[in-house]
Amino acid sequence: MRFELEPSWNYFLAAQEDFTVQAHIPGAAIYGFYQRWLSNRVMAFDFRIGGGMYSVLDYYFTFDRGKTKPAVILIPVITAGVSFKWLIRKPFFVEAGLDFTHFFTVNDPSPGYLRPFAGAGWQF
């Protein structure tokens, strides 16, 4: 078992005819990480589970007559995921997977979402 740290930042902007809403959403999560290599030692399944905290900063609406006061919101989350990794040729790899993130908010039910991902990298 290993651990991973995942920092993130998102910018949210949604515009409608009569208003605009925007926010910055930085956050971080820490995962427990388990990797199971297949017998060929070229492909592996990765499993992760953990939690973290996201902040919604400078969250406000803009209307024709002005804008609302900015709000700051802290949101604890839990995340779990699985991915498939293939070492194409050492040290290069490709990876694809699916994560689920659940937000602990006052909404009933509190929201969660699936996040598919794909990427390539260099293992060092």
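Numbering starts at 1 and runs along the sequence shown.
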*Write down the atom of T105, the atom of P111, and the distance for their closest heavy-atom approach.*
OG1-CD, 3.2 Å
*asked:* Using 30° and 60° as the class boundaries, would you call the ring planes of F103 and Y113 parallel, tilted or perpendicular?
replied: parallel
*F33, I30: one ILVMFWY side-chain cluster at the under-4.5 Å cut-off?*
no
*Stepwise side chain to side chain contact (heavy atoms under 4.5 Å, CB included) test for Y60 and V21*: CA-CA 6 Å; Y60 64 90; V21 61; over 6 Å; no
*asked:* Run N10 and F12 through side chain to side chain contact (heavy atoms under 4.5 Å, CB included) and show every step you take.
replied: CA-CA 6 Å; N10 293 282; F12 176 75; over 6 Å; no
*Any sub-3.5 Å donor-acceptor pair from N40's side-chain atoms to V42's backbone N or O?*
yes
Run the side-chain donor-acceptor check on residues 85-101: report pairs under 3.5 Å with partners two or more places apart or on a different chain.
unit_1	atom_1	unit_2	atom_2	d
E95	OE2	S83	OG	2.6
D99	OD2	R115	NH2	2.8
T101	OG1	T79	OG1	3.4

*Common cluster, W37/M43, ILVMFWY with side-chain heavy-atom separation under 4.5 Å*: yes
*Could you name each residue pair satisfying salt bridge (Lys or Arg N to Asp or Glu O under 4.0 Å) that touches residues 62-80, not counting sequence neighbours?*
none
*First locate atom CZ of F104, then atom CE of M53, and finally report the distance between them rounded to the nearest 0.5 Å.*
11.0 Å
*Is P26 close to L57 at the side-chain level, that is, under 4.5 Å between some pair of heavy atoms?*
yes
*Contact summary for F117 and R48, nearest pair of heavy atoms*: CZ-NH1, 4.1 Å
*W9 and L5: same hydrophobic cluster, using ILVMFWY side-chain contacts below 4.5 Å?*
no
*Nearest-0.5 Å distance, OG1 of residue T68 to CZ of residue F63*: 6.5 Å
*If only atom types and distance count, is the side chain of S8 paired as donor or acceptor with the main-chain N or O of A28 below 3.5 Å?*
no
*Verify the distance criterion only: is there a donor paired with an acceptor across the side chains of Q22 and Y11 at less than 3.5 Å?*
yes
*asked:* Quick one, V56 with V72, criterion side chain to side chain contact (heavy atoms under 4.5 Å, CB included). Give me CA distance, side-chain angles, the key distance, then yes/no.
replied: CA-CA 6 Å; V56 180; V72 175; over 6 Å; no
*Stepwise side chain to side chain contact (heavy atoms under 4.5 Å, CB included) test for V77 and Y54*: CA-CA 7 Å; V77 300; Y54 288 88; 3.3 Å; yes
*Could you state the interatomic distance from CD (Q35) to CG (D46), rounded to the nearest 0.5 Å?*
4.5 Å
*Counterpart residues, side-chain contact (heavy atoms from CB on, under 4.5 Å), relative to F45 (two or more places apart)*: L38, F47, F84
*asked:* My understanding is that only one of E6, R2, E4 makes a side chain to side chain donor-acceptor pair (under 3.5 Å) with Y31; could you say which?
replied: E6
